[in-house]
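Order of the sequence lines fixes the chain letters, A, B, ..., with proteins taken first and strands second; residue numbering starts at 1 for each chain.
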2 protein chains.
Amino acid sequence: VRFPPVLRDDWLRAPEGLQPVAGGSVTTPTGYEAAAGACGLKPSGALDLGVLRSTRPTTSWLVDTVNALPAAAIRLNRSRDRSAFRAVVVNAGTANAATGSPGYRDAELMAERTAAALGLDPARVAVSSTGTIGNRLDLDRILPAIDGVCGTLAAGGGADFNRAICTTDRHPKGGAFVLNLPGGPVRIGVAAKGAGMIRPTMATMLAYVTTDAAVGPEDLAAITREAAGAGFNRISVDGQMSPSDTLLVMANGDGRRLAGPDLARLGDAVAAVCRWAAVQMVKDGEGADHAVRILVHGARDGAEAERVARAVGESPLVKTAIFGRDPNWGRISQAVGQALAGSPGEPADVRVRLDGVDLEDPGAAGVMERAEYDVEVSLGRGGGEYELWASDLTHAYVTLNAEYHT
Amino acid sequence: VRFPPVLRDDWLRAPEGLQPVAGGSVTTPTGYEAAAGACGLKPSGALDLGVLRSTRPTTSWLVDTVNALPAAAIRLNRSRDRSAFRAVVVNAGTANAATGSPGYRDAELMAERTAAALGLDPARVAVSSTGTIGNRLDLDRILPAIDGVCGTLAAGGGADFNRAICTTDRHPKGGAFVLNLPGGPVRIGVAAKGAGMIRPTMATMLAYVTTDAAVGPEDLAAITREAAGAGFNRISVDGQMSPSDTLLVMANGDGRRLAGPDLARLGDAVAAVCRWAAVQMVKDGEGADHAVRILVHGARDGAEAERVARAVGESPLVKTAIFGRDPNWGRISQAVGQALAGSPGEPADVRVRLDGVDLEDPGAAGVMERAEYDVEVSLGRGGGEYELWASDLTHAYVTLNAEYHT
């Protein structure tokens, strides 16, 4: 884990005392085990099935996609108690989406098989599937593989788990961190996959966060929602939302539950870890060459700032300008104007700066050579702010998405 | 003008009796003159200034962009009586957008100079500018050129006018048509420019429609709004809206004003002509390889159908699949689900057909070899419908938009 060197400190806002663990993973926090296997769902024969569980009782929380056609696993997880997940089984290669009732039953069977192998109630096992949409799972391969994977669970298995959940991500996105609290250190691990193309469908965002801190269910729900809002909900590779997006957070500490300032620091730490994983997803976005943070301020309110940030970050004209290192005022101005269409009054004074350099300054082109930079848009008409991370639109994106065939 | 061969009849829905005029233009209707000149705003030295006027009194209507940062010409035109334009002056090369009060004064000076040369009230002259955003117009070149162009206005000048308004359109988009009505023929001409990249900014959509029919101002307003809604508002190259988009319709017939069924047929004809020009823009979209019509039906209502059509037509994953000729069910399903996020209830039965062939049928890939085809999305939950024309996302788009520099 290279943290923080690959990222700018001001993008993460990590709380004091949060440090990376070399070689860490989702099983670095105490009391977690994972393993992975290959059951042939990926044509390459790579790891494609992973199981992660806590050996101790947990508190959990889960947030998922707002896509109106959610995959079977999403619908199954929603039928469970989101505060009581203790394990998750994930397959890559087939998303089990748009598969109707038979697909839903397949997801149930994955949870049941995993639960049987782990001696858990099936309602304690979350399920994720990522890959092609519209195809059924091959349970003849998956169910026996679940038995095998559950037989090899180990505290060192986090890295394999992270590899198994990837599709065509260029590299797994995960790591672990220690947060030093007055009562002693707690650990936070994360395994994520992002905007990698899998033939012939779109990316799924999956992220699993483990911690050995002791956290009450309502506190963990608040921390998870906050972390999703500050991290995974603020990235845009191509503005597309998958039917399988999932963030699951588990906390298995068995001591006194955190409260007060310690709880707040844990929340800040989980948010920073999620922001770190989210920005990794942008940097590993399909064909991405650059990652930028779009900072909008001076909007009438936060909602207006978000609308402007998304219009800028999702504009193909802006994204190609970032790829082409072209400090193009017109394209950003156009996106801002489009975002504000129908809103009363014109913004008095739209200004754009790249890492603090005015876009019209000759130095702006030099900033665009950086792999990461801030695009700051000030509207000068209020106190609303928003930040969003976005990748650029490159030839590699078009190649990835046009040249794979069903 | 190749009409209808280049387009499918069912895309146009032209009324009976509408026929193309070979070599027609915006000056084919009687009583219109146009001319163009080159004043050096285009680095190539090509025609970049055009004037079009009616030699007779007209009725007019004008609709323009909803971008919240409209260009100076848009703001000037809005200060005029939209039913009383009799001429328009257009420059290409500089959009005169984001230029504040000085830019507004420049637009006024263009109208005043044109009006003086034509012996009109400046309020009768509409202004358009297309090109780079953020730069002032070079009036030292433009104003003398206006005098020269106004001195060469001719009934054969429509084709030059159409060339002058283009930026990097691959070809001018225009033509003329005759509509045979019981009271005798009337003519409709159109000159349009579309989604061509101009360094370093985005496309502007400009369209001018002339007719020698006699139409009352309220009727022409209704016809224009209907034509914009049925044509120019239903295309998407990259989902971006320019600060300069303008549609101006002028009618200069001096006989008895059309009414009843004849008026309705003229309205249908203007709508078909605008749809024709709009689809030409999509076909000439930046880097476009394919033009598709996205037909959504079975939505709860028209607004839901439009939301789904735009989500499909603007999805970079769908657009790259169209470029790659990949009948990718998952990407369309994903876009539909995204469009319906937050809407109550799942669509019961989403079906997708390409020119009538089920997307999952082996024949679907063959349909995608066609330069033009219908993508029909049925949601099966109501009577809402919408149609939208979209281009694909290609390497040429990325090249055009990444490789030009400010």
What I'd like to find out is whether the side chain of B:Thr399 reaches to under 4.5 Å of the side chain of A:His395, using heavy atoms alone.
yes

Side-chain contact test, heavy atoms from C-beta onward, threshold under 4.5 Å: evaluate it for B:Leu69 versus A:Leu340 and give yes or no.
no

State, yes or no, whether a side-chain contact exists between A:Val66 and B:Gln338 at a heavy-atom distance under 4.5 Å.
no

Do A:Thr320 and B:Tyr397 have side chains that get closer than 4.5 Å, going by heavy atoms?
yes

Of the non-hydrogen atoms in B:Thr394 and A:Val398, which two are nearest, and what is the gap between them?
C-CG1, 3.9 Å

Answer yes or no: is there a donor N or O on one side and an acceptor on the other, between the side chain of A:Asn67 and the main chain of B:Ala341, under 3.5 Å?
no

Residues at least two apart in sequence or cross-chain that pass salt bridge (Lys or Arg N to Asp or Glu O under 4.0 Å) with B:Arg78, listed by chain then number, are B:Asp64

Taking side chain as everything from C-beta outward and backbone as N, CA, C, O, which of these in A:Ser333 sits under 4.5 Å from a heavy atom of chain B? Side chain, backbone, both or neither.
both

